[in-house]
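One structure is given below, encoded as structure tokens.
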Amino acid sequence: MQYQAPKGTKDVTPKESYKWQYIEDIIREICDKYGFSETRTPVIEHTELFLRSVGDTTDVVQKEMYTFLDKGDRSITLKPEGTAGVARMFMEHGLFNDAQPTKMYYLYCPVFRYDKPQAGRLREHHQFGVEVYGAPRASVDAECIALALELFERVGIHGLCVNINSIGCPQCRPIYNAALADYLRANYDGLCETCKSRFEKNPLRILDCKEQRCKDICAGAPMITDYLCEDCSAHFDELKGCLNSLDISYKVDPFIVRGLDYYTKTVFEIIANSNGYSGTVCGGGRYDCLMEQLGGPKLPGVGFGLGMERLLLTAELCGAFIPQQRQVEVYVAAADAARVAGFVLAAQLRKAGIKTEFDHVGRSFKAQFKYADKLNARIVAILGEDELRDDRVKLKNMQNGEEKSVELLSAAQSIKEILA
RNA sequence: GUGGGUGUAGUUCAGCUGGAUAGAGCGCCAGAUUGUGGCUCUGGAAGUCGUGGGUUCAAAUCCCAUCACCCACCCCA
């Protein structure tokens with residue numbers, strides 16, 4: 001084949017789009033129930049927005065962004081995550097002037113990261129995410145987690161782990177960072193090479209290292225949870241209390257450090273451990289300083305992002321049943337002499353709200369039947385020369401084989417009776 | 001970005017210690033069944049053997065490069 005989709009991108013073929021639609025429908029329904037409204041923001045943003053929000057020392061910004069100059073010499077970036085764009089939209093439209101909180105979600109939002117692709121990790125993937133601004137209490141944090149869990153449950157994904165942590169705020173984190181740096185400096189020689197370089201840029205990231213020697217060192221490192229200020233500590237306690245009250249089981253994992261700089265206080269990850277794919281299927285947290293950092297008012301925020309491709313992959317590995325939504329209700333099979341009449345009948349049935357299919361290939365009468373069967377049509381409306389002459393149509397129920405002849409004019413009514 | 005594996009019909013794969021017209025299942029099309037599907041049987045279409053180069057009398061098979069996918073690391077959704 002001469003052309004193929006660019007590396008790390010994936011087509012959704014017409015055979016599988018129903019899976020996406022199924023999940024999207026569930027998402028809309030749940031978000032609506034929780035009081036979230038959909039928002040849509042551009043695929044491109046000014047590069048500066050991501051430098052200021054995601055953070056210019058993060059891997060995402062440093063090596064994974066699709067950045068280019070447009071014809072007006074503006075530096076433009078394909079969005080690598082969903083939060084920054086929504087924050088920008090929120091400020092640009094002065095939504096902070098409305099009664100708060102503002103609860104928003106985005107769906108099928110394309111996200112780009114220049115990374116080495118593998119299963120569940122693409123260069124272009126699609127996110128569903130939730131953003132709440134103007135709600136400082138930890139109950140929203142818990143509400144977001146509950147929303148995500150409800151989605152997973154509805155889709156049929158089980159065996160999930162909720163890991164939470166608090167990474168403090170500008171008050172307490174510097175104190176912790178200093179303590180961590182002191183500890184790591186004392187153990188510097190034992191760290192792996194990448195961690196040695198991390199030490200200068202972002203020592204927090206070392207906690208996330210998968211190398212055993214670094215893990216061993218980190219096991220004895222000071223814990224952020226011991227350094228939280230009163231406010232952060234109370235917030236973290238409130239979150240745990242809220243999760244407990246909803247019977248959501250979770251694990252406090254002091255080693256969760258998110259890769260995006262805007263997080264404060266709550267961070268969480270939902271991990272799938274299904275046979276085959278195991279990894280983060282949802283990640284999020286609180287970003288109380290983001291809005292201010294971007295030059296807006298001081299307004300707390302919280303949310304999460306969730307990769308749709310990973311969600312779908314995990315659902316399939318869990319053996320989740322995803323119903324095929326469309327089913328042909330009537331296939332109009334017409335003999336050659338009755339083609340025009342059949343074409344018109346199909347149009348009339350559709351007008352009556354019946355899902356109808358008609359032959360546009362020029363198949364033989366018999367082949368039309370075979371094809372109707374392949375489409376899983378529930379009824380075949382037969383228009384032969386006899387029927388055409390008598391202004392009638394024969395309806396065959398494909399499940400039980402029963403046939404009955406009805407007047408052409410009352411076909412829609414008769415079909416509805418059979419379908420009911 | 002680092003290391004490893006794999007690329008053969010639409011699809012899943014066989015063939016690979018070099019040898020003649022490159023195979024199978026499923027799918028697709030047609031017929032058996034001259035107005036009636038599923039099952040069965042018969043036939044058919046469909047492949048630059050990922051791409052480019054090299055070795056050789058001869059390459060799907062060996063070598064090199066390249067592209068893509070998969071796995072691990074990194075990072076993340």
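Letters A, B, ... mirror the listed sequences (proteins, then strands); counts begin at 1. Computation of the quantities below employed the complete heavy-atom set of this structure, encompassing side-chain atoms and omitting hydrogens, waters and symmetry-equivalent molecules.
Atom-to-atom, CD1 of A:I271 to C1' of B:C76 comes out at 11 Å; the value is rounded to the nearest Å. In this entry the distance linking CG of A:D261 with P of B:C76 reads 10 Å, nearest Å. For A:I206 and B:C74, the CD1 to P distance is 14 Å, given to the nearest whole Å. Atom CG in A:D115 sits about 9 Å away from atom C1' in B:G1, given to the nearest Å. One can place NZ of A:K366 at 8 Å from P of B:G31, the figure rounded to the nearest angstrom. What separates CG of A:D373 from P of B:U33 is a distance of 20 Å, to the nearest Å. The CZ-C1' distance, from A:R113 to B:G1, rounds to 17 Å in whole Å. Taking atom CD on A:Q4 and atom P on B:U48, their separation rounds to 15 Å, with Å as the unit.
Among pairs with a residue in residues 77-87 of chain A, none fulfils salt bridge (charged side-chain N to carboxylate O under 4.0 Å, His left out), at least two apart in sequence or across chains. Sorted by first and then second residue, the side-chain hydrogen bond (donor to acceptor under 3.5 Å, both in side chains) pairs with a member in residues 176-185 of chain A read A:D182-A:R185; sequence neighbours excluded. The salt bridge (charged side-chain N to carboxylate O under 4.0 Å, His left out) pairs that include a residue from residues 332-345 of chain A are A:R339-A:D359, where partners are two or more places apart or lie in different chains. Each ring pair (Phe, Tyr, Trp, His ring centres under 6.0 Å) pair with one or both residues in residues 33-62 of chain A, not counting sequence neighbours, would appear here, but there are none. Identified under the side-chain hydrogen bond (donor to acceptor under 3.5 Å, both in side chains) test for residues 364-392 of chain A, with sequence neighbours left out: A:R392-A:S405.
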Stepwise side-chain contact (heavy atoms from CB on, under 4.5 Å) test for A:T280 and A:I270 = CA-CA 6 Å; A:T280 307; A:I270 299 177; over 6 Å; no
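Atom C1' of B:A59 sits at a distance of 14 Å from the matching atom of B:A20, rounded to the whole Å. Across B:A24 and B:G44, the matching P atoms stand 11 Å from one another, rounded to whole Å. B:G38 sits 12 Å from B:C28 when the P atoms are compared, rounded to a whole Å. One C1' atom belongs to B:G47, the other to B:G10, and the distance between them is 11 Å to the nearest Å. B:U6 sits 15 Å from B:A14 when the C1' atoms are compared, rounded to a whole Å. Taking atom C1' on both nucleotides, B:G18 is separated from B:G54 by 15 Å, rounded to a whole Å. Nucleotides B:U21 and B:G15, compared at atom C1', are 16 Å apart to the nearest Å. To the nearest whole angstrom, the two P atoms, one in B:C76 and one in B:U12, are 33 Å apart.
Nearest nucleotide to the A:R310 side chain, out of B:G31, B:U36, B:C76: B:C76.
Nucleic acid contact for A:E124: none, since no nucleic acid atom lies under 4.0 Å from a heavy atom of the residue. Contact annotation for A:R363: backbone-only contact, meaning every heavy-atom pair under 4.0 Å involves sugar-phosphate atoms and none involves a base. The residue A:L311 sits apart from the nucleic acid: no heavy atom pair falls under 4.0 Å. Counting non-hydrogen atoms under 4.0 angstrom, A:I379 reaches nothing in the nucleic acid.
RNA chain B lies under 4.0 Å from no heavy atom of any residue of residues 405-420 of chain A. Interface residues of residues 392-403 of chain A facing RNA chain B, ordered by number: A:K394, A:K396, A:M398, A:G401, A:E403; criterion, heavy-atom separation under 4.0 Å.
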Just the atom pairs and distances: protein N or O near nucleotides 69-71 of chain B's N or O, under 3.5 Å.
residue : atom : partner : partner atom : Å
B:C69   : OP1  : A:G8    : N            : 2.7
B:C71   : OP2  : A:A119  : N            : 2.5

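Comparing A:Y114 and A:V60, the nucleotide of RNA chain B nearest to each residue sits closer to the 5' end for A:Y114. Residue order along RNA chain B, read from the 5' end via each residue's closest nucleotide, puts A:G384 first among A:G305 and A:G384.
Ion pair A:K396/A:E402 not flagged as a salt bridge, since none of the NZ, NE, NH1 or NH2 atoms sits closer than 4.0 Å to an Asp/Glu carboxylate oxygen. With salt bridges taken as basic N to acidic carboxylate O contacts below 4.0 Å, none links A:K10 and A:E309. Under 4.0 Å is where a charged nitrogen must lie from a carboxylate oxygen, and between A:E29 and A:R154 at least one such pair does.
Under the side chain to side chain contact (heavy atoms under 4.5 Å, CB included) criterion, A:D115 pairs with A:E64, A:R121, sequence neighbours left out. A search for side chain to side chain contact (heavy atoms under 4.5 Å, CB included) contacts involving A:E48 returns A:L51, A:R52, not counting sequence neighbours.
Each of A:T77, A:L78, A:I76 was scored for a side chain to side chain contact (heavy atoms under 4.5 Å, CB included) with A:T67, with one residue passing: A:T77.
Classification of the A:W20-A:Y108 ring pair by plane angle, with boundaries at 30° and 60°, yields perpendicular.
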Secondary-structure string, 5' to 3', Watson-Crick or G-U under 3.5 Å, | for another-strand partners, for RNA chain B | (((((((..((((.....[...)))).(((((.......))))).....(((((..]....))))))))))))....
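Closest non-hydrogen pair, A:A346 versus A:F358, comes out as CB-CB, 4.0 Å.
Annotation: the span from A:I167 atom CD1 to A:R286 atom CZ amounts to 12.5 Å, rounded to 0.5 Å. Rounding to the nearest 0.5 Å gives a distance of 5.5 Å between CG of A:L345 and CG of A:L408.
For A:E387 and B:G35, a side-chain-to-base donor-acceptor distance below 3.5 Å is present, hydrogens and geometry of angles not being considered.
A:F112 does not carry A:R123 over the face of its six-membered ring by the limits of under 6.0 Å from the centre and within 45° of the normal.
Applying the 6.0 Å contact sphere to NZ of A:K33 captures more than 12 heavy atoms from other residues, nucleotides or ligands.
At the phosphate of B:C29, OP1 or OP2 sits under 4.0 Å from a side-chain N or O atom of A:K374.
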Assign a letter to each nucleotide of nucleotides 40-45 of chain B from its 5' end: B, base within under 4.0 Å of a protein heavy atom; S, sugar-phosphate only; -, no contact.
-> ------
